[in-house]
Amino acid sequence: MPRDRFLVQIDGRDVELSNLDKMMYPAAGFTKGEVIDYYTRIAPMMLPHLRDRAVTRIRFPDGVEGAHFFEKNRPAGTPDWVRLETLPVPGSTKSRETVEFVVVDDLPTLVWSANLAALELHTPQWRVGAHPDLLVVDLDPGAPAGLRECCAVAVLLRDRLGEDGITAYPKTSGKKGMQLCCPISGTQDATIVSGYAKRIAEELARLVPGSITARMARQLRPGKIFIDWSQNNAAKTTVTPYSLRAGAAPTASTPLTWAETEAMATGEAPARQFHPAEVLDRADQHGDLLAGLLDSGPALPVQPAGARGSRDRRAP
């Protein structure tokens, strides 16, 4: 075996590591060894959110300044102990297209993935073979709006979802925006979940049209927060809690408390993304702030066909 490659044993599995000194984030001096260390240390918080979900990986073989690619299928040389699930590709135009997805259920698989320079992990809103058990809303700021404005919209959205008995948990995206994640019953298909999210987004856009849009057209977004309800489409995935993100400096998708979110919204605290070391410190301090996502939530209210909705609170 070459000198830059070696085997380590993790939970009884032989995992090959390589090129630990390679710079993954050159501007920050953050190496692949540090990426692997982060994922190893955050694993107790992260693995429950990965378990039983097919993972899409974004790999950066030469670091964030080099080329990258999305990978759904298992890569060549995948160890025989890695869990694989052959699943149809949602949204594919080929009726029989399937992919042999990797499922990251344990620490050896997470470390193996990190060693392949899979900096970002993205997961769907459902577990293998099940209906969606999460509703996810992405809050995407159009400049000059930023994370602070996202936090203000998140509070509005939390309160509106709460009227339907739905509990929302905030996390940063690790890039410029944030997401709200809500546990739901897992008994309704993606079209119902996406339709509900769209109705709520459109309601808030009518309520605060100067600050919120529910329409995807980019020319409508400057200075507004786009409530991206389409994250619940069967073909979509969302960055997994605690996943690293690619950028000049390493950041991670970080769970927030609602007190922090409100403080960021009002300017009492800086609205910002978090470095991996901060995420680890926060995990030690708070535990998993998204643990509630692992429990079953309520079924979503279904709007009768043709109804506009009695909850329409159109602004005058």
Side-chain angles (χ1 to χ4, degrees), residues 48-49 51-53 123-127 130-140 150-173 177-208 211-214 225-234 236-241 253-265 286-315:
H49 299 285
R51 190 160 292 124
D52 291 329
R53 300 185 193 272
T123 37
Q125 278 66 266
W126 55 89
R127 299 179 187 276
H131 286 307
D133 59 352
L134 293 176
L135 180 151
V136 176
V137 180
D138 188 65
L139 301 179
D140 184 13
C150 286
C151 289
V153 173
V155 173
L156 286 177
L157 194 51
R158 173 200 65 186
D159 294 345
R160 175 60 187 88
L161 292 168
E163 293 178 15
D164 287 335
I166 298 164
T167 302
Y169 294 82
K171 70 180 181 76
T172 70
S173 69
M178 65 186 298
Q179 289 101 26
L180 294 190
C181 304
C182 312
I184 55 176
S185 65
T187 61
Q188 298 164 303
D189 66 28
T191 58
I192 292 175
V193 179
S194 187
Y196 173 80
K198 182 180 181 182
R199 291 198 307 275
I200 298 301
E202 289 175 341
E203 180 183 318
L204 290 185
R206 290 191 296 267
L207 184 67
V208 195
S211 301
I212 298 173
T213 181
I225 304 303
F226 171 45
I227 300 180
D228 188 355
W229 48 269
S230 73
Q231 285 298 117
N232 300 282
N233 183 291
K236 291 290 189 75
T237 59
T238 302
V239 64
T240 308
S253 181
T254 307
L256 301 172
T257 67
W258 276 113
E260 288 176 315
T261 305
E262 292 169 352
M264 290 182 185
H286 298 294
D288 182 14
L289 290 172
L290 300 180
L293 298 180
L294 306 176
D295 299 326
S296 180
L300 299 174
V302 179
Q303 187 177 40
R308 184 176 178 85
S310 59
R311 307 186 77 99
D312 184 353
R313 300 178 293 179
R314 184 185 295 274

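Note that the numbering runs from 1 along the sequence shown for the chain.
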Heavy-atom pair of closest approach, residues M264 and C151
CB-SG, 3.7 Å

Residues S173 and S253: closest non-hydrogen pair is O-CB, 3.8 Å

By side-chain contact (heavy atoms from CB on, under 4.5 Å), P298 pairs with (sequence neighbours left out) I166

Heavy-atom distance under 4.5 Å between the side chains of V208 and L204, does that happen here?
no

Residue set satisfying side-chain hydrogen bond (donor to acceptor under 3.5 Å, both in side chains) with Y196, at least two apart, ordered chain then number -> D164

T213: partners by side-chain hydrogen bond (donor to acceptor under 3.5 Å, both in side chains), with sequence neighbours left out
none

The side-chain contact (heavy atoms from CB on, under 4.5 Å) partners of P170 (sequence neighbours excluded) come to M178, L180, L256, W258, T261

Which value, rounded to the nearest 0.5 Å, describes the distance between L134 atom CG and T238 atom OG1?
8.5 Å

To the nearest 0.5 Å, how far apart are OG1 in T237 and CH2 in W126?
8.5 Å

So do the side chains of C181 and L290 get within less than 4.5 Å of each other, counting heavy atoms only?
no

Quick one: closest heavy-atom pair of H131 and D189, and the distance?
ND1-CA, 3.6 Å

Partner set under side-chain contact (heavy atoms from CB on, under 4.5 Å) for D133, not counting sequence neighbours
R53, R127

Can you check whether T172's main-chain N or O pairs, donor with acceptor, with T254's side chain at less than 3.5 Å?
no

Tell me whether W229 contacts the main-chain N or O of A214 through its side chain, where contact means a donor paired with an acceptor under 3.5 Å.
yes

Could you walk me through whether L207 and L156 pass the side-chain contact (heavy atoms from CB on, under 4.5 Å) test, one step at a time?
CA-CA 10 Å; L207 184 67; L156 286 177; 5.5 Å; no

Counting only N and O atoms by type, is there a donor-acceptor contact under 3.5 Å from the side chain of S230 to the main-chain atoms of N233?
no

Measure the CD-CG distance between Q125 and L293 for me, rounded to the nearest 0.5 Å.
11.0 Å

With heavy-atom distances below 4.5 Å as the criterion, would you say the side chains of L139 and L157 are in contact?
yes

Would you indicate whether the side-chain heavy atoms of R206 and E202 approach each other to under 4.5 Å?
yes

Is there side-chain contact between I200 and V137, with at least one heavy-atom pair below 4.5 Å?
no

Could you walk me through whether V302 and Q188 pass the side-chain contact (heavy atoms from CB on, under 4.5 Å) check?
CA-CA 10 Å; V302 179; Q188 298 164 303; 3.7 Å; yes

Non-neighbouring partners of D138 that pass side-chain contact (heavy atoms from CB on, under 4.5 Å), sequence neighbours left out
D140, Q179, D228, Q231

Do you know which two heavy atoms are closest between I184 and L300, and how far apart they sit?
CG2-CD2, 3.7 Å

Any non-hydrogen side-chain atom of H49 less than 4.5 Å from a side-chain atom of L294?
yes

